[in-house]
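To keep things clear, I will list the structure first and then write my remarks on it.
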Amino acid sequence: MHLSQAAKKAEIIVDQVSMRFGKKGHEVTALQNVSFKIYRNEFVSLLGPSGCGKSTLLRLMADLLEPTEGQIMIQDEHPREVRLRRKFGIVFQNPTLFEWRTVKQNIELPLEVLGQKKSQYSALTEQLIEMVGLSSFKHYYPWQLSGGMQQRVAIARALSLDPPILLMDEPFSALDEFTKEKLQLELLEIKRKTNKTIVFVTHSIPEAVYLSDRIIVLSAHPGRVHSIVDNVREEGDPSHIRESERFHEMMKTVRNCFYEESGFLDGQTI
Amino acid sequence: MTGRLFKKFGQNGTFVLWAAAILLLWEAGAWFIEDIAQLTAPASKLPYIHRVLSSLVEHFPTMIKQGAVTFGNSITGFVIGSAIGFALAILMSLSRTVENTLSPYMIASQMIPIIGLAPIIYGIIHDAALSRVLMAGYVTFFPVTINALRGIKSIKQEQLELMRSYAASTWTLYLKLKLKSALPGLFAGLKLSAPLAITASIIVELMGAPDGIGVLMVSSLYYGTAQVYMFWSTVLISMAIGLLLYLIITLLERWMTPWQPEFRSKGRDET
């Protein structure tokens with residue numbers, strides 16, 4: 001199944017991107033000369049410690065920020081074009097639901113903004129609600145839901161415009177371990193059904209190894225691409241991946257990137 | 001269900017007990033001043049509450065008529081002032097330049113004492129009703145603007161980013177997010193300015209208007225001890241008008257912003 005990367009279509013191209021914040025003279029470099037490609041239908045994690053600029057990178061792809069240098073192309077277009085055509089869905093660490101809207105109304109928000117008629121999308125929303133397992137909660141308000149349920153709503157909302165790309169910024173890092181594992185499994189299921197290109201920001205090595213086709217390992221201060229780990233996830237039943245030999249091998253490989261990294265920083269930290 | 005009923009009765013019961021205790025203390029105080037200490041003009045200091053109430057009943061038709069005049073003008077000014085205040089908040093949220101330009105004038109406007117402004121306004125336009133409306137509106141708009149603007153500014157960064165990712169127009173952004181977020185602040189502002197609006201109207205009446213509860217207040221003061229119970233009745237009526245306005249706002253708030261934490265039912269099972 002693994003095609004050579006040259007044969008695959010590049011969905012997102014990050015080319016020599018640098019990002020600096022702050023006033024001249026007091027600048028902080030968040031990203032320095034970052035380059036990589038993400039291919040269509042891939043699940044790619046941006047993995048790194050805090051301060052490596054991974055969330056910044058995601059916001060650059062979403063056209064919520066503009067790079068100081070370099071450029072990003074998504075489907076051969078500037079991120080602004082892509083945003084204006086609503087070609088990506090976004091999920092934040094915080095569910096960011098509108099508290100005056102029910103589960104159903106929150107999921108319908110992007111469709112409303114698009115100006116579609118209710119009759120056009122009500123079947124679609126029902127389908128999405130069912131996909132994230134919230135059928136009996138569709139008339140509940142966000143404050144009546146657990147953190148995991150709220151994040152499910154956020155995922156359904158991101159899928160409601162059926163965008164080809166899903167951008168996720170540490171979506172599970174505020175959840176407890178049990179909910180996290182359940183949602184990770186569900187996300188793989190959604191990925192299998194919808195076959196979206198997913199860019200997933202995380203600081204958790206097991207999460208990245210469990211979910212990703214490829215992991216882009218970033219190092220901090222300033223944020224750079226440290227290495228890219230290919231062929232991470234094996235085919236097969238995702239509920240047993242964590243027990244496999246290969247999973248642990250991959251964990252070791254990715255973790256070694258960071259040991260190596262900390263070694264050349266000052267030899268002490270971890 | 002029964003549990004909630006008892007709880008509700010418990011809350012109301014506590015309120016009734018407190019009210020009764022305060023009235024009793026009042027009566028005791030009046031009795032002490034008038035019959036024990038035998039001070040001169042005791043009713044001007046603290047009148048028997050039952051006499052105030054009987055005076056209120058006796059003059060009830062006049063009181064209600066004049067009270068209605070005051071209330072009607074106050075609420076008109078209050079509604080207009082709130083609308084202007086809310087519009088200003090939206091305008092100021094749209095542009096920082098507008099905010100920085102308007103802010104100093106708005107703040108300065110609130111430094112003018114209403115007791116000084118009321119006679120000027122009344123002197124210029126010589127129309128009691130219009131003066132009351134203007135003054136009520138004048139004291140209303142500022143708290144509304146400040147609080148509604150704070151609501152709009154408290155919107156989380158990620159909510160804005162989300163709307164941006166949907167390529168929402170400014171109009172949609174306001175319709176779906178900013179106006180909703182401004183509502184809790186708007187109501188906080190309304191609750192602050194409601195009693196001010198009533199007071200502002202009454203001040204106009206004290207300055208020589210021909211009608212309104214404030215006129216009754218000032219004329220009963222003029223007659224000294226003879227009208228002292230009448231005076232206290234007008235104070236009670238003014239209080240009642242303020243409470244009525246406050247109650248209307250609270251009900252509106254509950255209806256329009258049911259998602260606010262204080263209106264949420266306690267558990268999932270109770271809903």
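In this text, all values refer to a predicted model and were calculated from it rather than measured experimentally. Reckoned from all heavy atoms, side chains included, excluding hydrogens, waters and symmetry mates.
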Please step through side chain to side chain contact (heavy atoms under 4.5 Å, CB included) for the pair B:Tyr166 and A:Leu111, ending with a clear verdict.
CA-CA 9 Å; B:Tyr166 304 147; A:Leu111 297 152; over 6 Å; no
Candidate pair B:Arg264 and A:Tyr141, rule side chain to side chain contact (heavy atoms under 4.5 Å, CB included), full reasoning
CA-CA 10 Å; B:Arg264 294 172 185 173; A:Tyr141 285 91; over 6 Å; no
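When all heavy atoms of B:Glu161 and A:Phe92 are compared, the closest pair comes out as OE1-CE2, 3.3 Å. Pairing each heavy atom of A:Val113 with each of B:Ala168, the nearest pair is CG1-CB, 3.7 Å.
Neither the backbone nor the side chain of B:Leu173 comes within less than 4.5 Å of any heavy atom in chain A. Contacts of A:Asp63 with chain B are made by both backbone and side-chain atoms, with heavy-atom separations under 4.5 Å. Contact annotation for A:Leu114: neither backbone nor side-chain heavy atoms come within less than 4.5 Å of a heavy atom of chain B. Neither the backbone nor the side chain of A:Arg85 comes within less than 4.5 Å of any heavy atom of chain B. Interface remark: B:Ser165 contributes backbone and side-chain atoms alike to the contact with chain A (heavy atom separation under 4.5 Å).
Side chain of B:Arg164 to backbone of A:Leu64: no donor-acceptor contact under 3.5 angstrom is found.
The 12-atom threshold is exceeded at CD of A:Glu77, counting heavy atoms of other residues, nucleotides or ligands nearer than 6.0 Å. When the shell of 6.0 Å around NZ of A:Lys37 is examined, it contains 12 or fewer heavy atoms from other residues, nucleotides or ligands. Sparse packing is recorded around CD1 of B:Ile115, with 12 or fewer heavy atoms of other residues, nucleotides or ligands lying under 6.0 Å away. Counting heavy-atom neighbours within 6.0 Å of B:Lys191 NZ, excluding the residue itself, gives a total above 12.
Side-chain atoms of A:Glu112 and B:Thr172, non-hydrogen and from C-beta on, never get closer than 4.5 Å to each other. The side-chain heavy atoms of B:Lys180 and A:Phe98, taken from C-beta on, include no pair separated by under 4.5 Å. Contact annotation: the side chain of B:Lys156 never approaches that of A:Thr96 to less than 4.5 Å [non-hydrogen atoms, C-beta and beyond].
Each of A:Asn94, A:Val82, A:Leu167 has some count of heavy-atom pairs under 4.5 Å with chain B, and the biggest count is that of A:Asn94.
For the atom pair NZ of B:Lys176 and CH2 of A:Trp100, the computed distance is 11.5 Å after rounding to the nearest 0.5 Å.
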